[in-house]
There are 2 protein chains.
Amino acid sequence: MGIVTRDAKPSGTRTQILDAAEAAVLSKGFGATSIDELIAAVGISRSGFFYHFKDKSALAKALLQRYIEEDDKIFDDVLRRADELSEDPLHSYLIALKMLAEIFADLPNGHPGCMVASVCYHEQLFQREVRDLNEQAILNWRRRFRERLDRIAERYPPRVDVDLDDLADMLMAVADGGIILSRTIHDPMALPRQVMLYREFVRLVFSEPVVTATGRPA
Amino acid sequence: MGIVTRDAKPSGTRTQILDAAEAAVLSKGFGATSIDELIAAVGISRSGFFYHFKDKSALAKALLQRYIEEDDKIFDDVLRRADELSEDPLHSYLIALKMLAEIFADLPNGHPGCMVASVCYHEQLFQREVRDLNEQAILNWRRRFRERLDRIAERYPPRVDVDLDDLADMLMAVADGGIILSRTIHDPMALPRQVMLYREFVRLVFSEPVVTATGRPA
DNA sequence: TGTCAACTGTACTGTTGGTACTGCATCGGC
DNA sequence: GCCGATGCAGTACCAACAGTACAGTTGACA
């Protein structure tokens, strides 16, 4: 690990391969994405491809790494912007979830797919390295959202007994399940609606119920 | 649709191919499952395979059909058994969800994977026929659970404004997302815990909050 | 006895992932 | 001004795999 070894070769071509691969993989999966197809899209030779990636698994690893980094950035950005809008941990989290739903809703052709899920359903094809990368990404997201939930729980004691790790995981589960749902029934809005449902759940878990004078919820 | 045309050829061999294919596909995906591997497992020739399935896509279709039928049976069974235990629609649904979580928890190696999700992430590989089959399966599940939620909502007016179609879809989303979660972090119990979280959400949506004399939730 | 379902065997095609080289232009450093 | 590394292109080849074609075999049943 030198000083700038990480991503020391932007080189254009490598990035172009990754771009072509990402679009293809998310739309039809790793198996259906051929190397020939990628080199044709980029305009290089097979040798050129294998110069950058020793095999398809190396491509998968690079693809997943880049995808996770981008997702991390999006989450960081959303959470930060939400924090700027409210100092209350619960309100901030609810704002962030709404922003996330809006991001999903604004994708013109629906969410292109989750690389993590794509990798998950191709397990045996990759080395343990790729699977470990996937696992760490999910555990990282859990940690990130769990921190938020902890801060919320301090101020708003949960009204039901839920494990906060599970509640953090649920966002990822709802998102991945929502992507599958959206794609399968061809309804791009199903995903953002599922995220909003998760939001409603979080609200119900931590918010006090709005109770009218009659004792009935409003 | 004749009288007994459906599944008119149990023939043993065909079923054996489907069994071998189901295990292989769920563990490593369609792409990584070779025909040679399947015929070796069953002990037939390549010609034998192509006698039963004209190509790999036909295998996928048959596999998906069988999978959906089995899932339908499981859901029917769980809902029926739950109905026997309680006449109240909410309680019955909550019982069914707990049963479902227990079924998932009792699978020795965790849930093997969802064929619907597997097909979803291989979209372009199959004809529209297979994708339509997938879509119909999900819409069918939505309808089934939506009916339950309607009956619940009649007796227990929802405390928050949620779309019942979305709430029905959420079970499928949480299940598929939970499977991905479980497989990726190697925790077979993550899936049943996610189902129980969904159950908690349903309970919160429809149940009146338990409020103590002080007005604080218990 | 003939027919049909359920196969086996053989031979072939085309695609794909992957290996193993050799060649070649370009560019920075000495 | 040459030296080596980077970043490719070109060629040749192999094995695994999906799929096609078609001829032959076996057992059950009418």
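Naming: A, B, ... by sequence-line order, numbering from 1 per chain. Fair warning: this is a prediction, and the values are worked out from it, not measured in the lab.
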Please confirm whether the backbone N or O of Ser34(B) pairs with a side-chain atom of Glu37(B), one donor and one acceptor, at under 3.5 Å?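 Pair found, side chain donor or acceptor close to backbone of Ser34(B).
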With a 4.0 Å cut-off on heavy atoms, is Gly48(B) in touch with a base, just the backbone sugar-phosphate, or nothing at all? base
Atom-to-atom span, [atom1] of [X] to [atom2] of [N] - whole angstrom:
X	N	atom1	atom2	result
Gln16(B)	dA6(C)	CD	P	14 Å
Phe53(A)	dT19(C)	CZ	P	15 Å
Tyr51(A)	dA9(D)	OH	C1'	13 Å
Phe50(B)	dA18(D)	CZ	C1'	6 Å
Arg14(A)	dT6(D)	CZ	P	14 Å
Lys54(B)	dT20(D)	NZ	P	8 Å
Ile39(A)	dG17(C)	CD1	P	10 Å

Nearest listed nucleotide, side chain of Ser47(A), among dG18(C), dA9(D), dT10(C):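 Per side-chain heavy atoms of Ser47(A), the pick is dA9(D).
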From the candidates dT6(D), dC7(C), dG19(D), the one with an atom nearest any side-chain atom of Asp55(B) is dG19(D)
Collect all protein-nucleotide pairs involving nucleotides 25-27 of chain C in which both atoms are nitrogen or oxygen and the distance is under 3.5 Å.
none

I want to know whether Phe201(A) and Tyr198(B) have ring centres closer than 6.0 Å.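 Not under 6.0 Å, so no.
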Rounded to the nearest 0.5 Å, what separates atom CG in Asp165(A) from atom CG in Asp187(B)?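 The CG atom of Asp187(B) is 10.0 Å from CG of Asp165(A), to the nearest 0.5 Å.
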What pair of heavy atoms forms the shortest contact from Phe53(A) to Ala62(A), and how long is it? CE2-CB, 3.8 Å
Is Asp76(B) salt-bridged to Arg80(B), cutoff N-O under 4.0 Å?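 Salt bridge flag = no for Arg80(B) with Asp76(B).
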Charged N-O contact under 4.0 Å between Arg146(A) and Asp169(A):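 No, this pair does not count.
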What I want to check is whether the side chains of [X] and [Y] have a donor and an acceptor closer together than 3.5 Å.
X	Y	answer
Ser92(A)	Asp83(A)	yes
Asp71(B)	Trp141(B)	no
Arg143(B)	Asn140(B)	yes

Between protein and nucleotides 12-17 of chain D, what N or O pairs are separated by less than 3.5 Å?
none

Residue-phosphate contact under 4.0 Å: His52(B) side-chain N/O, dC7(C) OP1/OP2: yes
